[in-house]
Amino acid sequence: MAEFNLETTVTAPDKVEVQLVRADYYETSNIFRTCFEFALALTSALTGAILSIDNITNLHWCFLVVSVIATGGFLYLTNSFKKKAHKKK
């Protein structure tokens, strides 16, 4: 295995500020983000299916409305829990 000896110079700032987040809220936000992405993919697939078929039933519209509401709800929950995680007490 090759070995390299290089001279390095590292400069760092005098002060580094680290922002702490609440891990429980942040993890919940990540779960809701995953659900948001799933609901968004489902909404996109249903929209494509509705646009491409000739006979659209009420069941198609019902599932589309539910998936759009789920997408919006998960987006709201993702953002609200992310804000809670970064909020300082």
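Below, each value reflects all heavy atoms present in this structure, side chains not excepted, and no hydrogens, waters or symmetry copies. One-based numbering along the sequence shown.
Checked against side chain to side chain donor-acceptor pair (under 3.5 Å), T57 has the following partners two or more places apart in sequence or in another chain: H60. Scored by the ring-ring contact (aromatic ring centres under 6.0 Å, His included) test, F74 finds no partners at all (sequence neighbours excluded). Every side chain to side chain donor-acceptor pair (under 3.5 Å) that S67 has, sequence neighbours left out, goes to T43. Residues satisfying the side chain to side chain donor-acceptor pair (under 3.5 Å) test with T78, not counting sequence neighbours, are none. For N79, there are no side chain to side chain donor-acceptor pair (under 3.5 Å) partners at least two apart in sequence or on another chain.
For residues 36-57, every residue pair satisfying the salt bridge (Lys or Arg N to Asp or Glu O under 4.0 Å) rule, not counting sequence neighbours, is listed here: R33-E37. Residue pairs meeting the salt bridge (Lys or Arg N to Asp or Glu O under 4.0 Å) criterion with at least one member in residues 61-72: none, sequence neighbours excluded. Legend: salt bridge (Lys or Arg N to Asp or Glu O under 4.0 Å) pairs involving residues 5-15, not counting sequence neighbours: none detected.
By the 4.5 Å heavy-atom criterion applied to side chains, N30 and Y26 are counted as neighbours.
Through direct or relayed side-chain contacts under 4.5 Å between Ile, Leu, Val, Met, Phe, Trp and Tyr, I50 connects to L42, L46, I53, I56, L59, W61, F63, L64, V68. Clustering of Ile, Leu, Val, Met, Phe, Trp and Tyr by side-chain heavy atoms under 4.5 Å joins L20 with V16, V18.
In this structure, the separation between CG on D24 and OG on S29 is 11.5 Å, given to the nearest 0.5 Å. For the atom pair OG1 of T28 and CZ of F32, the computed distance is 6.5 Å after rounding to the nearest 0.5 Å.
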